[in-house]
Amino acid sequence: MFLSVIVLWQFSLYAQRSTQLVFEGTVSDSLSGEGLPYATVYNHSTNTASITNTEGYFKLGIQSWSDSVVISYIGYENKTVSLIRSKKSYNIRLKENIYQLSEVTIRPKDYSYLYDLIIACKEKQSDGIQQAKAYYQLKSYIDNQHIELVENFYNARIKGYSLLNLKLKTGRVGLQKTNHSLFASLETSKPIMLHKLFTPSDLFPDSPLEYKKRRIKKKFYLRLVKVYTDENLDSIHIFYLYPKKNKQDYFSCKLWINASDTTFLKIELEGSRLDAFPFMPIYDKDHLTQKNLKITKTFRKEGGEAYFEHVDFNYDFLYHKANEKAVRIYTKAVLFTYSQDSLFNLPMFQLNTSNLTDYQKLTVLPYNKFFWEFNNELKLNYKIDSNHLFMSDSNTVSNQAYQFKQAIKLKDFFNYPAFKWSNTRFSVKELPQNTAYKESEGDYQLKGKLFLDVNKYDDSTNVFTASIFDVYQSFYRWHINEKTNCFFNMYFDLVEIERRKLENSITSSDKSMKSIEELYKKSLNQLETNKNQFLEDTEQGRNMGGMLDWNSKIRNELDIDNLSTFDVYQEE
């Protein structure tokens, strides 16, 4: 029964938004004038931050023109900006750190201590666990045409230099056609999660960071670029490691290391014309060639230890589609962690999404318009809001609509389109062959669930609920006819009835998170009680008396007469 049916309800407890001053501009290199991507813009007065986009542009809210704002970028001197009331835009130029050595080319044996430094950094990595919010953005292009956008927010779990897991708060995805085709990066966040700096993987080229000292020396050349002292008088070393041969099998590696406390500050991995690659086409007849990948990771210091902060995940390849000219696709993905002191309230929803692609997760979870219009979370900003323009373009297919346009053509991407609940009834035409069915000893299983999401921004609080039929855990082994379809719909109507009762309970409560969570748990318990009674009384649609009784209850609550709609039990 592979169908997802959704009904949505949301309300705002407060409608007023506070006005906020905005500080915006560009961060660039003082000599070249080139924008510095992913520089940190931190407001010490409000403990809020922003990051620059790939062109160095940023936007940050401030409380007053006396706020203390500091710009930082690894390898450059920090700069404190004095805000001016009448100034609308700032061009902030950062200087590279001083006390540097001239660039030199060396043989590995000349600077063997640098290999020891790598090993020392690896051995010192923290075992501490931290949590933070995370922002993820992916953009894909063919030539200069923007064809794909994915934006997600997560709660992230971090251990030292590694990103352990991501729990989805909300997301949006948009696609545009090129040459009558759609391209989608179905699960780029998964390779980002799977890539580990010090652990070999068949999905990625080998990296010198995976090896011991002796093998690093054997496989890679070393070139020292610069040594400088930072604002804390720590000694920072920048150097390259690049493969001696078989370049298609290895990453070249550029390292920024704090030699004073043996921690990695930044790691840049790059490979061209690669054999190992974390992506493959979804169609067997298609294939990829000339595969390039660049991964940049930065780390923040806290309590004397380094923790994962950001990954920049860029790749491109030639996509060969049967009987068509190959096209080069460029994808830029970035994931930033921030706000370690405050996590998202994740949606209250019991759905196992561990085996789903990014696109499938966004199909199942309802799109929350309030969040995208009112959130003031850290994200990449643009002088022109290109993301909004792309998502609102009439040519963009997105999850902002509950029923995807061109759903049949998109089935390979989204798999299970979500439909907005209405009085129109749904029917099941075929038996599913899903994992839950294969592993279950029973004859059937129906799973309807309540989705609840609470968001608070500025002076507004939004409560968003949905009734969702869990397609991944529902199955029915017996023959399906109009009576069983009537039975399915009546069961789902019970979920909707409980959702409406939950809505009324929240409206009359004190609307605190504690009260909302308690009411939600109470609704789940009541839903389970009602479901068990319904299943017992109706015998999967075979008990006429039970079906008549429950049909009457549903008609009184929702004004829906399922028996008449499916024309069952009429003669009886």
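Note that the structure is a prediction, hence the values are computed from the model and not measured.
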[X]: what forms a side-chain hydrogen bond (donor to acceptor under 3.5 Å, both in side chains) with it, not counting sequence neighbours?
X	value
Asn387	Gln137, Lys139, Glu151
Arg157	none
Ser509	none

Looking at side-chain heavy atoms only, is the closest gap between [X] and [Y] below 4.5 Å?
X	Y	value
Lys133	Ser342	yes
Tyr38	Thr54	yes
Arg425	Asp493	yes
Pro278	Leu194	no
Leu36	Ile71	no

Distance from [X] atom [atom1] to [Y] atom [atom2], nearest 0.5 Å?
X	Y	atom1	atom2	value
Lys301	Tyr307	NZ	OH	11.5 Å
Ile147	Ile142	CD1	CD1	4.0 Å
Leu389	Ile384	CG	CD1	7.5 Å
Thr465	Phe451	OG1	CZ	9.0 Å
Tyr136	Asn152	OH	CG	7.0 Å
Trp372	Arg172	CH2	CZ	5.0 Å

Can you tell me if [X] uses its side chain to pair, donor with acceptor, with the backbone of [Y] under 3.5 Å?
X	Y	result
Thr396	Ser398	no
Ser515	Lys511	no
Ser207	Phe251	no
Thr337	Glu309	yes
Tyr520	Met348	yes
Asp312	Val334	no
Lys361	Thr357	no

Minimum heavy-atom distance [X]-[Y], with the two atoms named:
X	Y	value
Ser140	Ser185	OG-OG, 3.7 Å
Val454	Lys169	O-NZ, 3.7 Å
Ser467	Leu450	OG-CD2, 4.4 Å
Glu148	Leu175	CG-CD2, 3.6 Å
Asn530	Glu498	ND2-OE1, 3.7 Å
Phe58	Thr26	CE2-N, 3.7 Å

- Item | Qualifying residue for ring pair (Phe, Tyr, Trp, His ring centres under 6.0 Å) with Tyr135, from Phe153, Phe336, Tyr154, Tyr338 | Phe153

Regarding [X] and [Y], do their side chains bring together a donor and an acceptor under 3.5 Å, going by distance alone?
X	Y	value
Asn53	Lys383	no
Thr46	Thr48	yes
Tyr382	Glu55	no
Gln130	Glu302	yes
Tyr42	Ser72	no
Asp358	Ser189	yes

- Pair Leu163-Val311, side-chain contact (heavy atoms from CB on, under 4.5 Å): steps then yes or no: CA-CA 10 Å; Leu163 185 63; Val311 59; 5.5 Å; no

For [X] and [Y], take the angle between the two ring planes, folded into 0 to 90°, and tell me which bin it lands in: parallel under 30, tilted 30 to 60, perpendicular over 60.
X	Y	result
Tyr161	Phe198	perpendicular
Phe308	Phe299	perpendicular
Phe313	Tyr315	perpendicular

Determine, for [X] against [Y], whether the closest basic-nitrogen to carboxylate-oxygen distance falls under 4.0 angstrom.
X	Y	value
Glu503	Arg499	yes
Asp316	Lys294	no
Lys522	Glu518	no

- Query: Given the rule in the ring-ring contact (aromatic ring centres under 6.0 Å, His included) test, do Tyr330 and Tyr141 qualify, once you have shown the distances and angles that lead to the verdict?
  - Reply: CA-CA 5 Å; Tyr330 300 86; Tyr141 301 84; 8.3 Å; no

- Item | side-chain contact (heavy atoms from CB on, under 4.5 Å) between Leu288 and Tyr319, worked out | CA-CA 5 Å; Leu288 312 179; Tyr319 192 101; 3.4 Å; yes

Crowded around [X] [atom1]? As in, over 12 foreign heavy atoms under 6.0 Å?
X	atom1	result
Met280	CE	no
Asp284	CG	no
His388	NE2	no
Lys332	NZ	no

- Please lay out, stage by stage, how Glu496 and Arg500 fare under the test salt bridge (charged side-chain N to carboxylate O under 4.0 Å, His left out). CA-CA 6 Å; Glu496 168 59 9; Arg500 295 188 184 193; 2.5 Å; yes

- Item | Chi angles and distances behind the side-chain contact (heavy atoms from CB on, under 4.5 Å) call for Gln63, Leu21 | CA-CA 6 Å; Gln63 270 185 344; Leu21 301 173; over 6 Å; no

- Ring centre gap for Phe317 and Phe279 strictly below 6.0 Å: no

- Query: Can a cation-pi geometry be assigned to Lys531 and Tyr491, taking NZ or CZ under 6.0 Å from the six-membered ring centre and within 45° of the ring axis?
  - Reply: no

- Message: Let's go through Phe183 and Thr178 carefully: what are the C-alpha distance in whole Å and the side-chain angles of both, what is the deciding distance for side-chain contact (heavy atoms from CB on, under 4.5 Å) to 0.1 Å, and is it a yes or a no?
- Response: CA-CA 8 Å; Phe183 170 82; Thr178 178; 5.8 Å; no

